[in-house]
K.L.:
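This is the structure I have questions about; it appears just below.
In what follows, chains are A, B, ... by sequence order, proteins preceding strands, each numbered from 1.
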2 protein chains.
Amino acid sequence: MSVPAVGKLQKQTFGARIADALRKAIFAGDLVPGSALIETALAEQFGVSRGPLREAIRQLIDEGLLVQVPFSGTRVTELSESAIREIYSLRTTLEMFAFRLAWDRRDAAFRLEMLQRQQALLAAIDSADELECIRREMHLHSLVYEAADHQLLLEIWGGLKGRLQLYLAANYLAHGRHGPRRTGHDSFVAAALGDSWPVMEAEILQHMRLGSEETERFLKARKEQVDA
Amino acid sequence: MSVPAVGKLQKQTFGARIADALRKAIFAGDLVPGSALIETALAEQFGVSRGPLREAIRQLIDEGLLVQVPFSGTRVTELSESAIREIYSLRTTLEMFAFRLAWDRRDAAFRLEMLQRQQALLAAIDSADELECIRREMHLHSLVYEAADHQLLLEIWGGLKGRLQLYLAANYLAHGRHGPRRTGHDSFVAAALGDSWPVMEAEILQHMRLGSEETERFLKARKEQVDA
DNA sequence: GGTTATTTGTTCGTATGTATG
DNA sequence: CCATACATACGAACAAATAAC
């Protein structure tokens, strides 16, 4: 006798679940970039021992959300302009690669899924749930990485995605909007479903350039605010 | 009073040092792909507790050298043809990206360092120390990633390098040679020090294609051997 | 198919080393 | 230089899940 309502939530290790919770706390702004994490306090807070907590921390370090210096401590990754430039430049390269691999594998299911994810993104924008917007945007872009049938690429995209979300979340939290967003993915989706590779190539470059510029602008403004 | 002879070997955590030892054991063939790691035994063998050992394991998992299934166990990553194709295709993309970034940053120091690393590789080949050959080859290729001034790229290259070494080491261990190797990097180095980007681009593609083909050939032969 | 070993996952208490004020 | 807070590490133990019999 199965229990369909409960689902398969049970078979994770503690570490994985704590990692999820920490990730959520960081994206939600409960843990602000630069703040220190103290193991004992967090362990008690989550109701677990230091072992699983350390594993969760380790995982988030690999995702780029936390930085650790031995014997000193763990902190939420600081935002920096050079880091965001690195993220977008690498992402441009990888997403181009992903589209190249996926280009001839696009079928009806791919197109349907792409449109559904776009719809979900639009719904999230309308609901004004900032964090959900970010998740949906990432989910939309993830499709091509999934379609590329390249395990290693997908894994690296996962790491990049985490870092990216850190910046997008900070941007959202600072001022509730994200820019001209409702139509922001129209041309991207159109190109991704279209038949012209040069158009897709140009669209990726343009899309990444816009994203990078907006995030850099936000960081600069944030920096001036701190200096003042 | 300092002790210069000892050097700064002391400030790592146990986990990091165990990870180094495990890595070496894997590349040396002491831990063969597919073999299981049992925590208690390894902990005793290294003279540490299970805590630090688990951290070391975790680290090697992130590097792609080990795979773990919850509650079941940890094993050395199996070799597969699809994985090697992924490694080389991604590496082609990333190394092209790295060279594009580093291209205009190449100075006298870069050229000197490149030649020195090539010399070190040749010396290792002459000494017939297989594992040293791999390290030197990786070290040579690492230069462009270092010169690209891109922290994130360097980090990802580190992960890729580990996976790559796993295959190269298996190849070496199977049959002591690696192919036509002494002149194998001549054209690569020449292109990297030259002034023609198209030549460099073609060289990367060619170099990666050769490497991928040889490793795939080795894997196919190895598979047939197992089947027989 | 059920039982039992083995191994991982986790906890707790404690000790030690390191960094920071 | 000292004191304190915290990270790191140990070791024994129990729980949970897999795997083999």
K.L.:
Enumerate the residue pairs fulfilling side chain to side chain donor-acceptor pair (under 3.5 Å) with a member in residues 42-53 of chain A, sequence neighbours excluded, ordered by first and then second residue.
P.N.:
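Matches after skipping sequence neighbours: none remain.
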K.L.:
Measuring from atom CZ of B:Arg105 to atom CD of B:Glu146, what distance do you get when rounded to the nearest 0.5 angstrom?
P.N.:
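The CD atom of B:Glu146 is 12.5 Å from CZ of B:Arg105, to the nearest 0.5 Å.
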K.L.:
Using a cut-off of less than 4.0 Å, is there contact between a side-chain N or O of A:Gln68 and OP1 or OP2 of D:dT8?
P.N.:
yes
K.L.:
Figure out the CZ/P separation between B:Phe14 and C:dA15, and round it to whole Å.
P.N.:
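So the CZ-P distance, B:Phe14 to C:dA15, works out to 18 Å.
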K.L.:
Taking all non-hydrogen atoms of both residues into account, name the closest pair between A:Pro52 and A:Phe14 and its distance.
P.N.:
CB-CB, 3.9 Å
K.L.:
Return the residues of residues 42-60 of chain B meeting this criterion: a heavy atom under 4.0 Å from some atom of DNA chain D. Order them by number, or give none.
P.N.:
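When residues 42-60 of chain B is checked for heavy atoms under 4.0 Å from DNA chain D, the hits, listed by number, are B:Val48, B:Ser49, B:Arg50, B:Pro52.
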K.L.:
At less than 4.0 Å, is any side-chain N or O atom of B:Ser72 found next to OP1 or OP2 of D:dA19? Yes or no.
P.N.:
yes
K.L.:
Taking CD from A:Gln12 and C1' from C:dT8, how many angstroms apart are they, rounded to a whole number?
P.N.:
17 Å
K.L.:
Who pairs with B:Ala120 by side-chain contact (heavy atoms from CB on, under 4.5 Å), at least two apart in sequence or on another chain?
P.N.:
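Scan of B:Ala120 (side-chain contact (heavy atoms from CB on, under 4.5 Å), adjacent residues dropped) gives B:Arg136.
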K.L.:
Starting from P on C:dG17, measure out to CZ on A:Phe71 and report it in whole angstrom.
P.N.:
10 Å
K.L.:
Any residue in residues 31-39 of chain A with a heavy atom nearer than 4.0 angstrom to DNA chain D? Just list them by number, or reply none.
P.N.:
A:Leu37, A:Ile38, A:Glu39
K.L.:
Side-chain donor-acceptor pairs under 3.5 Å in residues 64-76 of chain B, sequence neighbours left out?
P.N.:
| from | atom 1 | to | atom 2 | distance (Å) |
| --- | --- | --- | --- | --- |
| B:Gln68 | NE2 | B:Thr74 | OG1 | 3.1 |
| B:Arg75 | NH1 | B:Gly34 | O | 2.6 |

K.L.:
Distance check needed: C:dT8 P versus B:Arg75 CZ, whole Å only.
P.N.:
11 Å
K.L.:
Parallel, tilted or perpendicular for B:Tyr145 and B:Trp157, by the 30°/60° rule?
P.N.:
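Taking B:Trp157 first and then B:Tyr145, their aromatic rings lie parallel (interplane angle under 30°).
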K.L.:
Can a donor-acceptor pair be found between the side chains of B:Glu95 and B:His141 at a distance below 3.5 Å?
P.N.:
yes
K.L.:
Listed by chain and number, what are the side-chain contact (heavy atoms from CB on, under 4.5 Å) partners of B:Gln59, not counting sequence neighbours?
P.N.:
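B:Gln59 satisfies side-chain contact (heavy atoms from CB on, under 4.5 Å) with A:Arg58, B:Ala19, B:Arg23, B:Glu63 once adjacent residues are dropped.
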